[in-house]
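To find a chain, count down the sequence lines: A is the first, B the second, and so on, and within it residues start at 1.
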Number of protein chains: 2
Amino acid sequence: MLSKKTKYAFHALTYLGKHKDQGAVPIQEISTHHNISHKFLENILLELKKAGLLGSKKGKGGGYYLIKLPNEIPLSKVIRLLDGPIALLPCVSLNYYEPCEECASQEKCGLNMVMAEVRDETLKILEMKTLQDILERE
Amino acid sequence: MLSKKTKYAFHALTYLGKHKDQGAVPIQEISTHHNISHKFLENILLELKKAGLLGSKKGKGGGYYLIKLPNEIPLSKVIRLLDGPIALLPCVSLNYYEPCEECASQEKCGLNMVMAEVRDETLKILEMKTLQDILERE
DNA sequence: ACAAAACCTACAAATATTATAGAGTAAATG
DNA sequence: CATTTACTCTATAATATTTGTAGGTTTTGT
């Protein structure tokens, strides 16, 4: 399941997408609108900024804004940033690979291959669908 | 990511599948072989039994054994039992449905539909693949 | 100068996961 | 029939992760 962090991130991105002609949007406005703790959201937006999805402006009249087009932000990117791996096993994760400690050998692990399939199908969707798709549905 | 509980469950089921002509297999044997805490595994096997996947025999010479054919045990069943929902959002879960608290309306939630797609593709695989498939690969 | 708002680090609280303990119950066996 | 083996059940402890808070610093517009 997606964490609250990730869900909040999507809410914030969606809000910014809807208000992109408004320029910089202060955290306060988003947190009030979506009923999210101001400080918690702060951390999330900072991460999104560091990852290159958002720009920001300090001081009075400042806030956050998208620096990419909504169709350039795949859902997979957001999930990976806030939640980590999309795969169900570390040994089939593309971005957060780790060998399974309890598995003797990776070749002999029967789960391995099935979970790689699940990962591929999931990514097909999450990499194709973008913030744009979410915006179109709200 | 799958929890240890779920991974242990798969290991145990696989072990039981490989040793099914041996009759009842005591917890001890599995926990030693896979290096799992005896007591922890105990809880897991009990859950699998209550769910109708395993049978058990008490006393000397007792243990657990499969009461279904490996091809009758889809991976989805095991994951749901130990880990809960397979879907990424509660509002698109088939077995553990709950409305998303922070979403205003479900129809207006842009994530909803995409995550239902992900769920469907994931289930296509996890419901088709069974313990049999894992056994064949080990 | 002042107020608004992002930036940053650390910490606290809540929740979930993983693991352990110990007292029952049932069955086999000598 | 006593003993040993092994499942059953419930409660609790330990650990890790997630969620949320606190408080100060820096930047910017007026």
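Here the C1' atom of nucleotide D/dC7 and the CD atom of B/Glu29 are 15 Å apart, to the nearest Å. Distance, A/Ile27 CD1 to C/dC7 C1': 9 Å, rounded to whole Å. Between the CG atom of A/Leu46 and the C1' atom of D/dT25 there is a distance of 13 Å, given to the nearest Å. Atoms CG (A/Asn43) and P (C/dA12) sit 16 Å apart, rounded to a whole Å. In this structure, B/Met1 atom CE and D/dT17 atom C1' are separated by 13 Å, rounded to whole Å. For the pair A/Lys5 NZ and C/dT15 P, the computed distance is 17 Å after rounding to whole Å. Taking atom NE2 of residue A/His34 and atom C1' of nucleotide D/dT19, one finds them 19 Å apart after rounding to whole Å. Atom NZ in A/Lys7 sits about 14 Å away from atom P in D/dT18, given to the nearest Å.
Taking 3.5 Å as the limit, the base of D/dG29 and the side chain of A/Lys57 contain no donor-acceptor pair of atoms between them. Donor-acceptor pairing under 3.5 Å, judged by distance alone, is present between the side chain of A/Glu42 and the base of C/dC7.
Summarising the local packing, CG of A/Asn35 is surrounded by 12 or fewer heavy atoms from other residues, nucleotides or ligands at distances under 6.0 Å. Atom NE2 of B/His38 has more than 12 heavy atoms from other residues, nucleotides or ligands within 6.0 Å.
Each of B/Ile134, B/Leu66, B/Leu48 was scored for a side chain to side chain contact (heavy atoms under 4.5 Å, CB included) with B/Ile73, with one residue passing: B/Leu66.
In this structure, B/Lys124 does not pair ionically with A/Glu117, as no charged nitrogen and carboxylate oxygen lie closer than 4.0 Å. Salt bridge present: B/Arg80 and B/Glu127 bring a charged side-chain N and a carboxylate O closer than 4.0 Å.
Taking the six-membered ring for Trp and the full ring otherwise, A/His11 and A/Tyr15 have centroids separated by 6.0 Å or more.
Comparing C/dA19, C/dA26, C/dC7 by their nearest atom to the side chain of B/Lys58 picks out C/dA26. For B/Lys39, the side-chain atoms get nearest to D/dC9 when compared with the rest of D/dT21, C/dT18, D/dC9.
Contacts of B/Leu45 with the nucleic acid, taken as non-hydrogen atoms under 4.0 Å apart, are absent. Within 4.0 Å of B/Lys4, counting heavy atoms only, lie sugar-phosphate atoms of the nucleic acid but no base atom. Here B/Lys50 lies in heavy-atom contact (under 4.0 Å) with sugar-phosphate atoms only.
Phosphate proximity of C/dC7 to A/Tyr64: present, with a side-chain N or O under 4.0 Å from OP1 or OP2. Side-chain N/O atoms of A/Ser3 include one lying less than 4.0 angstrom from OP1 or OP2 on D/dT19. Put simply, B/Tyr8 has no side-chain N or O that comes within less than 4.0 Å of OP1 or OP2 on C/dT18. Under 4.0 angstrom from either OP1 or OP2 of C/dA5 there lies no side-chain N or O belonging to A/Ser56.
With DNA chain C read from its 5' end, the first of the two nearest nucleotides for A/Lys60 and B/Phe40 is the one closest to A/Lys60. In terms of position along DNA chain D, the nucleotide closest to A/His38 lies nearer the 5' end than the nucleotide closest to the other residue of the pair A/His38 and A/Gly59.
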